[in-house]
Structure formats: C-alpha cells, structure tokens
Amino acid sequence: MRANTPYCLIQADPSTYAAYFATYRKNVWFRPSWSDIHSMMLEATDCYWIYRAEQRIAGISLVDDELGSLFMVPPHTLTKEIVEFLKNHMILKKSKPDQLHAYNVMPEHISLFEHAEFNRLSTRKCMIRPTEPLENPLTSKLKRIRPERGHMPKLAEMMIEAYRGGVEEQSMDHCQNNLAYYFDHYEQDELRAASSILVEQDTERMIGFCLVTLWEELPLIYDIAVTPAYRSEGLGRYLLQHAITTLAPLYPVIRLFVTQGNPAEHLYTKVGFLSGEELSHLVWFGKNHRS
C-alpha cells in the first residue's frame with residue numbers, strides 16, 4: 001500500500017459488514033429479501049472496509065488476485081482515485097501479478113475501472129418472472145422426456161452445437177462438468193419434472209433441453225438450448241413455459257442469468273422475464289502478461 005494514499009483497508013467484522021452490504025449493495029440478482037442477503041453475508045470472508053481518513057466510505061471483497069462486489073456508503077461515491085488505490089494494493093500483494101480481476105462491477109462503476117486500464121470480459125444480468133399455469137402445446141413431431149444422467153453425452157453435444165460461435169460458446173470439458181454438477185446436486189423430483197429434453201418422435205434425436213435448479217431456495221434456469229435446425233419454432237418458449245407452469249404450485253417466481261449479446265434475451269423478455277441491472281467482469285493485465 002502506498003504511503004501517500006489517503007485511503008486504507010481494514011478487515012470488516014462480518015456482522016456489521018453483512019448489515020451494510022444488505023442495505024447499500026443493490027439487489028440486482030433478485031434475492032428474496034434483505035434478511036436473506038444479510039444471512040448470506042454473515043458467512044462471507046475476506047471482506048474489507050475502505051476508509052478515507054476516519055470515515056468508512058465503502059466495502060469490498062478482496063481475495064488473491066480478485067476484487068468484487070464493491071459498494072459505496074452514502075454520501076460517498078466511487079472515484080478513479082479509489083479504483084487506483086485498490087488496483088495498486090492488489091498489485092503490491094503479489095510479486096508478479098499477471099492479471100487482476102474485478103467481479104460484479106456495477107454499470108455506474110465501469111468507466112472508472114476502464115480508466116484504470118481494466119478491460120471488460122463479460123456482462124451478465126439476472127432475470128425474474130412469476131410462475132403460473134400457461135398454455136403450452138407441443139407439436140406432435142416432438143415429445144418431452146425427463147432428463148436423466150444417462151443423457152449427459154447427448155446433452156453435451158447439443159450444448160456445443162447450440163452455443164457454437166456465440167457469447168456462451170464453451171469447451172466440451174466445460175459442458176461435461178456443468179452437466180455433471182447438475183446431475184450430482186439437483187435430484188429433487190420437482191426440479192427434474194420442471195426440466196425437459198425435447199426429442200424427435202420418429203428418430204429419437206434430441207433437439208433441445210432445459211435444466212432447472214434451485215438457487216437460494218428459488219428455482220433457476222440452469223441451462224437451456226435448442227439446436228440450430230429447430231430455432232424460430234417456439235421451442236425455447238415451450239421449454240420455459242413448461243418450467244414456469246410445473247413449478248407454479250410450489251414456488252412464486254423463477255430466475256435465470258443471461259450474458260450480454262446472447263440473442264435468447266429477446267425470448268426471455270417475450271416470455272415475461274424482467275431484467276435486473278447488469279454486472280460485469282473486468283480484468284487488468286500486468287506487464288508480464290502475454291496474450
């Protein structure tokens with residue numbers, strides 16, 4: 001930490017930090033309540049206060065080469081000097097930092113991080129919709145089946161095909177790991193019933209799927225994809241509406257995450273999902289970094 005800076009970092013007491021975080025950090029991920037956020041943050045580690053002189057002006061999470069979930073305490077606002085202070089603090093913690101990551105950066109803070117030579121990698125937001133019974137017809141050429149672990153290889157192939165060339169493009173290893181996590185952790189009957197695989201009646205070829213999980217005690221669309229040959233036929237809408245309808249007796253709302261630039265966001269809006277504010281992941285590359 002540079003001696004001439006007016007700022008300093010002090011490790012936070014979890015109880016006080018949780019109350020400040022739940023109050024001052026925008027609830028852009030539609031967490032159910034202030035109490036839920038507060039309870040969640042009571043278990044958070046590596047949380048720090050940013051002080052200027054004797055005044056507590058902000059809170060932030062700092063670990064390894066990552067800083068995240070910054071919030072300001074009114075009436076204070078983020079400045080380029082604060083971002084530079086955080087950047088220099090993280091650099092000095094490591095002898096040769098190749099890169100520093102800033103996670104969950106609010107839209108109003110982006111330009112200040114970019115001024116400090118951080119580059120935006122991705123931007124995501126949460127979307128939410130009430131559950132309710134919906135009209136949900138499916139063409140007779142297709143049938144819906146329940147996802148099972150044995151479907152993993154075909155699901156991974158569909159993910160590769162559906163996401164190729166887009167902002168959600170993933171490696172086969174990444175797809176397989178995501179699917180393994182789903183089948184390892186979400187065996188609840190209501191979640192599997194709300195999830196779907198669409199199959200051609202004649203060929204048994206899988207052409208679309210939707211997997212539903214539980215996140216913070218509310219359902220979440222974990223993954224959804226339709227193969228390119230079947231796009232624009234309303235199948236994404238069908239998959240979402242099946243989940244919305246099936247979960248209606250059990251949960252009041254359902255959420256999903258979408259990456260900026262994903263054309264599926266238009267579908268989500270048409271199906272009635274409300275967008276939260278965007279959060280971005282930025283990175284600063286050190287002098288030793290080779291692209």
Side-chain angles (χ1 to χ4, degrees), residues 1-126 276-289:
M1 194 181 302
R2 295 182 300 177
N4 63 344
T5 179
Y7 304 103
C8 70
L9 288 162
I10 298 176
Q11 188 149 18
D13 167 71
S15 178
T16 305
Y17 192 90
Y20 270 65
F21 186 97
T23 302
Y24 294 123
R25 176 75 179 178
K26 293 179 183 177
N27 184 15
V28 300
W29 285 355
F30 299 113
R31 291 187 160 106
S33 70
W34 186 96
S35 297
D36 288 301
I37 301 172
H38 179 260
S39 298
M40 172 190 71
M41 292 305 295
L42 286 173
E43 301 179 3
T45 57
D46 302 302
C47 297
Y48 293 83
W49 301 118
I50 304 173
Y51 272 81
R52 180 183 173 95
E54 300 299 317
Q55 286 193 309
R56 178 186 294 162
I57 65 172
I60 194 166
S61 171
L62 301 174
V63 57
D64 299 328
D65 59 353
E66 301 174 2
L67 55 94
S69 299
L70 171 70
F71 65 91
M72 303 302 299
V73 178
H76 306 284
T77 57
L78 189 64
T79 65
K80 62 182 180 181
E81 290 79 15
I82 296 172
V83 177
E84 287 287 353
F85 160 72
L86 292 169
K87 172 184 165 183
N88 289 326
H89 170 81
M90 300 298 284
I91 290 172
L92 290 175
K93 280 177 62 178
K94 302 180 72 172
S95 58
K96 294 181 179 179
D98 291 324
Q99 53 189 252
L100 303 174
H101 293 266
Y103 288 100
N104 299 331
V105 179
M106 301 294 292
E108 61 267 31
H109 297 161
I110 294 289
S111 62
L112 294 170
F113 277 87
E114 290 177 337
H115 186 273
E117 299 180 315
F118 281 79
N119 301 294
R120 197 180 327 192
L121 290 186
S122 63
T123 297
R124 288 173 64 79
K125 61 184 175 183
C126 187
E277 284 197 49
E278 297 177 336
L279 294 178
S280 296
H281 171 200
L282 293 88
V283 63
W284 172 84
F285 294 113
K287 294 180 180 178
N288 296 324
H289 176 80

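Numbering starts at 1 and runs along the sequence shown. These numbers were taken from a predicted model, which means no experiment stands behind them.
- Contact of the Leu282 side chain with the Ile110 side chain is registered, since non-hydrogen atoms from C-beta on lie closer than 4.5 Å.
- Nearest heavy atom pair, residue Arg120 against residue Ser280, reads CD-OG, 3.7 Å.
- Using a 4.5 Å cut-off on side-chain heavy atoms (C-beta onward), His109 and Leu70 make contact.
- Two residues are said to be in side-chain contact when any heavy atoms from C-beta on lie closer than 4.5 Å; Tyr7 and Leu86 fail this criterion.
- Looking only at atom types and distance, the side chain of Ser33 has a donor-acceptor partner in the side chain of Asp36 under 3.5 Å away.
- Between the side chain of Lys80 and the backbone N or O of His115, no donor-acceptor pair lies under 3.5 Å.
- Distance check, rounded to the nearest 0.5 Å: CZ of Phe118 to CZ of Phe285 gives 11.0 Å.
- Minimum interatomic distance between Ser61 and Thr45 (heavy atoms only, all atoms of both residues): OG-O, 4.4 Å.
- Note on ring orientation: taking the six-membered ring where Trp is involved, the planes of Tyr17 and Trp49 are tilted (angle from 30° to 60°).
- Residues His101 and Asp65 meet the side-chain proximity criterion, which asks for heavy atoms closer than 4.5 Å.
- Interatomic distance, Glu277 CD to Phe30 CZ, rounded to the nearest 0.5 Å: 9.5 Å.
- For the pair Leu62/Asp46, no side-chain contact is recorded, criterion being any heavy-atom separation below 4.5 Å from C-beta on.
- Side-chain atoms of Asp64 never come within 3.5 Å of backbone atoms of Glu66 as a donor-acceptor pair (strictly under, hydrogens ignored).
- Closest approach of Met72 and Tyr24 over heavy atoms only: O-CB, 3.8 Å.
- Between His76 and Arg52, the closest side-chain pair of non-hydrogen atoms is not below 4.5 Å.
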Task: side chain to side chain contact (heavy atoms under 4.5 Å, CB included) between Val28 and Met106, worked out - done: CA-CA 9 Å; Val28 300; Met106 301 294 292; 3.9 Å; yes
TODO: Please step through side chain to side chain contact (heavy atoms under 4.5 Å, CB included) for the pair Glu81 and Glu84, ending with a clear verdict.
DONE: CA-CA 5 Å; Glu81 290 79 15; Glu84 287 287 353; 5.7 Å; no
TODO: Go through Asn104 and Arg25 one step at a time and tell me if the side chain to side chain contact (heavy atoms under 4.5 Å, CB included) criterion holds.
DONE: CA-CA 11 Å; Asn104 299 331; Arg25 176 75 179 178; 3.4 Å; yes
- [ ] For the pair Phe85 and Leu9, evaluate side chain to side chain contact (heavy atoms under 4.5 Å, CB included) and give the outcome as yes or no after the intermediate values.
- [x] CA-CA 10 Å; Phe85 160 72; Leu9 288 162; 3.8 Å; yes
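- With rounding to the nearest 0.5 Å, the separation of OG1 in Thr123 from CD in Glu278 is 5.5 Å.
- Annotation: Phe113 is not in aromatic contact with Trp284 [ring centroid separation under 6.0 Å not met].
- In this structure the side chain of Val105 never reaches within 4.5 angstrom of the side chain of Leu279, judged on heavy atoms.
- The shortest non-hydrogen separation linking Met41 to Cys47 is CE-SG, 4.3 Å.
- Counted within 6.0 Å of CD on Glu117, heavy atoms from surrounding residues, nucleotides or ligands total 12 or fewer; the atom is thus considered open.
- Separating the CD1 atom in Ile37 from the CG atom in Asn27 is a distance of 4.0 Å, to the nearest 0.5 Å.
- From Tyr103, atom OH reaches atom CG of Leu67 across 10.0 Å, with rounding to the nearest 0.5 Å.
- Side-chain contact between Leu78 and Val83 is present, with at least one heavy-atom pair separated by less than 4.5 Å.
- The shortest non-hydrogen separation linking Ile60 to Gly68 is CG1-O, 3.5 Å.
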